[in-house]
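Worksheet: one structure, shown below.
Note: hydrogens, waters and symmetry copies are ignored here, and every other heavy atom, side chains too, is used.
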Protein chains: 2
Amino acid sequence: MSQIEGITDLILEVFRLNGALVHAGDGLVADIGLTSARWQVLGAIALTTQPLSVAGIARTMGLSRQAVLRLVKEMIGDGLLRLAENPHHRRARLVLMTVTGEAVYAAAIARHRPWAEGLARDLDRDAIGTATTLLRALRQHLDAARTREVDDD
Amino acid sequence: MSQIEGITDLILEVFRLNGALVHAGDGLVADIGLTSARWQVLGAIALTTQPLSVAGIARTMGLSRQAVLRLVKEMIGDGLLRLAENPHHRRARLVLMTVTGEAVYAAAIARHRPWAEGLARDLDRDAIGTATTLLRALRQHLDAARTREVDDD
DNA sequence: CAATATTTGACAATATGTTGTCAATATGGT
DNA sequence: ACCATATTGACAACATATTGTCAAATATTG
């Protein structure tokens, strides 16, 4: 198989796996009022020491500012998130979890753990690391190309 | 790093890479009237010896029937695809490319080749294979769970 | 053969994500 | 301090994908 076929296969598999993961995640947390996308927003907030703005969350998740903005506004409406003034930037307020948000996120984690265990059980540990490193390299390559794109404008 | 953290990292990287790939693909074929999604539909049709129905394309791509259905109808409207009677199934007609569709797909391939070469250039060949195998195993695991889900209904 | 189950295309509603645009706010260079 | 530039939240338009529902066509089972 040529190098091009190899990378193309990988790309198609990323598309398929992405869909399967979103579906599985949705199913995992549906009854606690979450979706994969909202769960990911909570994760981005939980996993940083410093509170983030909407734009900051977007950068962490690799999504557009606007996609995150809409999710955040909906989640504020649902009582999962709240905004706090940002001493460093009047416009870019900080996104924080409410008590409810924290409880829901904790519940999501509790379900994620055994699910992830089952998924990883018969997979080779090194292969997971190798794959993650490779995917990250690919994405960084693409992101770099994207930056050059914008610079050309 | 625990096995759970490892697989979770991989999952988040799949989400990010998926977005970056869709964006790059869109940019690659935008000016010939394609998008990543439409390009993938053409690819699914091109890569099979036997013509496929809408549902068949969906299975190949790992998407829902309905997602493919809408794409196919739009692409028929744009003159890229056409339907042919299916001797084995009156309802499930076969999706074929028009001459225009074939030309557009050929143009997309011509752009994909050097792009994929550049992407794969400094990546380890074995790592690509390992990653593809791992992602496929993950997806098949998830698809199997999905099948069990449906059986429970 | 008849009853039942599955597959399929169609349509609608909704969730997710992108791009484009704008004004407000920061930031950096001169 | 000033001006050009970049970042940010907001809103709108659109592409993509999922689920739910339905009726038609096919496949399966007793």
A:Ile57 has an atom CD1; how far is it from atom P of C:dG17, in whole Å?
13 Å

As a test of understanding, state which of B:Thr60, B:Leu47, B:Ile45 forms a side chain to side chain contact (heavy atoms under 4.5 Å, CB included) with B:Leu52.
B:Thr60

How close or far is atom C1' of C:dA26 from atom NE2 of A:His88, stated in whole angstroms?
13 Å

So, B:Ser36 and B:Asp26: side-chain donor and acceptor under 3.5 Å apart, yes or no?
yes

Measure from CG on A:Asn86 to C1' on C:dT25 and round the result to the nearest Å.
12 Å

If the threshold is 4.0 Å, N to carboxylate O, is there a salt bridge linking B:Arg113 and B:Glu117?
no

Using heavy atoms to find the nearest nucleotide of DNA chain D for A:Arg70 and A:Gly19 separately, return the residue whose nucleotide is more 5′.
A:Arg70

Using atom CZ of A:Arg38 as one end and atom C1' of C:dG17 as the other, report the distance to the nearest whole Å.
14 Å

Closer than 3.5 angstrom, by distance alone: can the side chain of B:Thr98 be matched with the main-chain N or O of B:Leu80 as a donor-acceptor pair?
yes

Verify the distance criterion only: is there a donor paired with an acceptor across the side chains of B:Thr8 and A:His112 at less than 3.5 Å?
yes

Expressed in angstrom and rounded to an integer, what is the separation of B:Asn18 atom CG from C:dT18 atom C1'?
13 Å

Between C:dA15 atom C1' and A:Leu21 atom CG, what is the distance in whole Å?
17 Å

Using a cut-off of under 3.5 Å, enumerate the N/O to N/O pairs linking the protein to nucleotides 5-12 of chain D.
| unit_1 | atom_1 | unit_2 | atom_2 | d |
| --- | --- | --- | --- | --- |
| D:dT8 | OP1 | A:Arg59 | NH2 | 3.2 |
| D:dT8 | OP2 | A:Arg59 | NH1 | 2.6 |
| D:dT8 | O2 | A:Arg91 | NE | 2.8 |
| D:dG9 | OP1 | A:Val54 | N | 3.2 |
| D:dG9 | OP2 | A:Ala55 | N | 2.9 |
| D:dG9 | N7 | A:Arg65 | NE | 3.3 |
| D:dG9 | N7 | A:Arg65 | NH2 | 2.8 |
| D:dG9 | O6 | A:Arg65 | NH2 | 2.7 |
| D:dG9 | N2 | A:Arg91 | NH2 | 3.4 |
| D:dG9 | N3 | A:Arg91 | NH2 | 3.1 |
| D:dA10 | OP1 | A:Arg93 | NH2 | 3.4 |
| D:dA10 | N6 | A:Gln66 | NE2 | 2.8 |
| D:dC11 | OP2 | A:Lys73 | NZ | 3.3 |

Residue among A:Val14, A:Leu21, A:Leu17 satisfying side chain to side chain contact (heavy atoms under 4.5 Å, CB included) with B:Phe15:
A:Leu21

For D:dT19, does OP1 or OP2 lie under 4.0 Å from any side-chain N or O of A:His23?
yes

B:Pro51 and side chain to side chain contact (heavy atoms under 4.5 Å, CB included): which single residue from B:Val95, B:Asn86, B:Leu96 fits?
B:Leu96

DNA chain C nearest-nucleotide lookup for A:Arg90 and A:Ser64: closer to the 5′ end is A:Ser64

Measure CG/A:Leu34 against C1'/C:dT16 and give the value in whole Å, please.
15 Å

Report which part of the nucleic acid B:Ser36 touches: base, sugar-phosphate, or nothing (heavy-atom distance under 4.0 Å, all strands).
nothing

In whole angstroms, the gap separating C1' of D:dT19 from CG of A:Asp26 amounts to 10 Å

